[in-house]
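Below you'll find the structure, written out as structure tokens, and then a few comments.
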Amino acid sequence: MRIRLYNTLTKSVEDFVPVSGTSSVKMYTCGPTVYNYAHIGNIRSFLFADLLQRVLRTVGNYDVQWVMNITDIDDKTIRDSAIGSEIWKKEMGEQTDNPNENIAKFTRFFEKEFINDITNTGIEQSHFYNIPRATEYISEMQDLIRRICENGFGYVSEGSVYFSLSAWLRQSEYGRLFAVDIEHFRAGVRIDADEYDRESVSDFVLWKARKEGEPYWDFQISDENVTGRPGWHIECSAMGHKILGLPFDIHTGGVDLRFPHHEDEIAQSKAGYGLETANFWCHHEFLEVEGKKMSKSLGNFFTLHDLMEKGYDPMDIRFLMLSVHYASVMNFTFSGIESAQKARKRIQDFIYYLFDTTQFGTENASIKHEVFEALADNLHTPKALEHIFSFINQTDTKQLSQESKESLIEEFRQFNNIFNVWEIAPKAEEIIPQEVIDLAEQRIDAKKNKNFAESDRLRNEIVQKGYLIKDTKDGYTLELSER
Ligand code: AMP
Ligand code: ZN
């Protein structure tokens, strides 16, 4: 089925067609900065990318090469792995006096936690083509910076390297993803921060001069020795080029990354390699708490750890996030998780009924087309779930034919390739508690002794404990009653 996606580059919903002209699709996701535990706003970001790549595979029948980088060198990882950092003291044990070693140890720790978190929320590692660490692509970054300078779009100043926006604006557009404030642009003003706002459009940093006590790498531009570390934006340009080749099909991230991160990525790759970055740019909206973006700096965040500690099932969190359209702001509440839990269970129970082979009717039913249509329509998960719920409400599984039950199981298996929150199997036998078995045994004895009042009383007690007992010629069967 043809997939339609909103493309931030063209500001419209477009038919998705792979660059390759084959079934192979290349997708790059801006990954986490591994300086702390991921909060569930970050998790929304990766669940969106996961949804997209799963829809491409299952609805579009594409082979997806999905790359998500790990930002293990930037302002924040350096700050929090430095000598005396609070978070280091809390989590990491001994520090050495080698900053390169410290930052590697620190970021590996949070990378592992991150992979754990996304695995808990149903993202499968086997779906990734590569999860590159920025520090393992330093020479590619240096090579790109050198090319940008040689092509006249970069210069060295006080040991750092900057992208010359005035040189770039003479020949190219800037602000293709996001309406930047070019009027405020002043030639020659430089910005060293990785993150800045639209009023601060200026020459941005490609490489930051070495600072005492910080990790560093050396290289040469023309005859000049440069020492220090990469800026954040150059990392993704170099990794995307090296691993996927440019232009690839889809680049994803949160709306906050449209500018400056993605805008700068586009400019760098065009200025250095002469290539466009991606055909489709797909951005998801924020997770908010009481009208504010969930973020570490505002302190209004929950990590997945926090929620699991409180006893929430990460599958309910996944389901909750997938039940809101990715392009809508999502408001996080605990009652939201509870409703998601109920809704997920309702679909799960329906799937269990489909596996019931004790009763068949004559009706046929299917719902795959509507659900896939909704997903192909710019990943409209709420609409897809609406179709599933109205189908469940209208369908009496006892009336379904055997073939129909089997084909519906197959349909739900495919939906689950995307949602990944259900069990596509018969309900596992519950283990019957010993006390219920004891009651059943006492009841058999009572019956043998023709003490029918006692046997009735025992049956009642068994039912009150939530079990059904049926007499058979060899004795009895016990099962959980459907409530
Ligand atoms: P970071 O680890 O800060 O580099 O962020 C990783 C991803 O999380 C980026 O794609 C951000 O856009 C995204 N992100 C950060 N905060 C939120 C939020 N509150 N809701 C949704 N996505 C977010
Ligand atoms: Zn990135």
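In what follows, residues are counted from 1 in the order of the sequence shown. When a ligand or atom number is given, it counts from 1 through the structure's own listing order.
Closest to atom 2 (O) of ligand 1, if we only count protein heavy atoms, is Thr33 N, 3.0 Å. Here the protein heavy atom with the shortest distance to atom 16 (N) of ligand 1 is Lys293 CE, 3.4 Å.
The existence of a salt bridge linking Arg176 and Glu276 is confirmed by a sub-4.0 Å separation between a basic side-chain nitrogen and an acidic carboxylate oxygen. Between Glu410 and Arg413 there is a salt bridge, since at least one side-chain N of the basic residue sits less than 4.0 Å from a carboxylate O of the acidic one. Salt bridge status for Glu214 with Arg79: absent, with no side-chain N to carboxylate O gap under 4.0 Å. Salt-bridge formation is not detected for the pair Lys208/Asp192: no Lys NZ or Arg NE/NH1/NH2 atom is positioned less than 4.0 Å from an Asp or Glu carboxylate oxygen.
At least one heavy atom of Pro32 lies less than 4.0 angstrom from ligand 1. Distances from ligand 1 to the non-hydrogen atoms of His284 include at least one value under 4.0 Å. For the ligand labelled ligand 1, residue His39 lies inside the 4.0 Å heavy-atom shell. Taking 4.0 Å as the cut-off, Asn42 counts as a neighbour of ligand 1 on heavy-atom distance.
By the 30° and 60° cut-offs, the orientation of the rings of Phe412 relative to Phe391 is tilted.
Atoms of ligand 1 found under 4.0 Å from any heavy atom of Asp256, numbered from 1 in the order shown, are 11 (C), 12 (O). Within ligand 1, the atoms closer than 4.0 Å to a non-hydrogen atom of Ser45 are 7 (C), 8 (O), 9 (C), 10 (O), 13 (C), numbered from 1 in the order shown. When each atom of ligand 1 is checked for a heavy atom of Met294 under 4.0 Å away, the hits are 16 (N), 18 (C), 19 (N). Listed by number with element, the atoms of ligand 1 under 4.0 angstrom from any heavy atom of Leu257 are 9 (C), 10 (O), 12 (O).
Checking only distances, Leu287 does come within under 3.5 Å of ligand 1, N or O to N or O.
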- Query: Please walk me through it: do Glu173 and Lys270 pass salt bridge (charged side-chain N to carboxylate O under 4.0 Å, His left out)?
  - Reply: CA-CA 11 Å; Glu173 256 182 287; Lys270 193 80 191 286; over 6 Å; no
- Message: Applying side chain to side chain contact (heavy atoms under 4.5 Å, CB included) to Leu307 and Phe334, what does each step give before you reach the verdict?
- Response: CA-CA 10 Å; Leu307 297 184; Phe334 286 99; 3.6 Å; yes
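The two residues Arg57 and Val64 come nearest to each other via the heavy atoms NH2-O, 3.5 Å.
Taken from CZ in Phe280 to OG1 in Thr8, the straight-line distance is 10.5 Å, to the nearest 0.5 Å.
Within the protein, the N, O or S atoms sitting under 2.8 Å from the Zn ion (ligand 2) are Cys30 SG, Cys236 SG, His261 NE2.
Side chain to side chain, Asp63 and Ser24 fail the donor-acceptor criterion of an N or O pair below 3.5 Å.
With Tyr216 as the aromatic partner, Arg210 meets the cation-pi criteria of under 6.0 angstrom to the ring centre and within 45 degrees of the ring axis. Cation-pi geometry between Arg258 and Phe178 is not met at under 6.0 angstrom from the ring centre and within 45 degrees of the axis.
Selection from Gly254, Gly253, Gly41 by nearest heavy atom to atom 17 (C) of ligand 1 gives Gly41.
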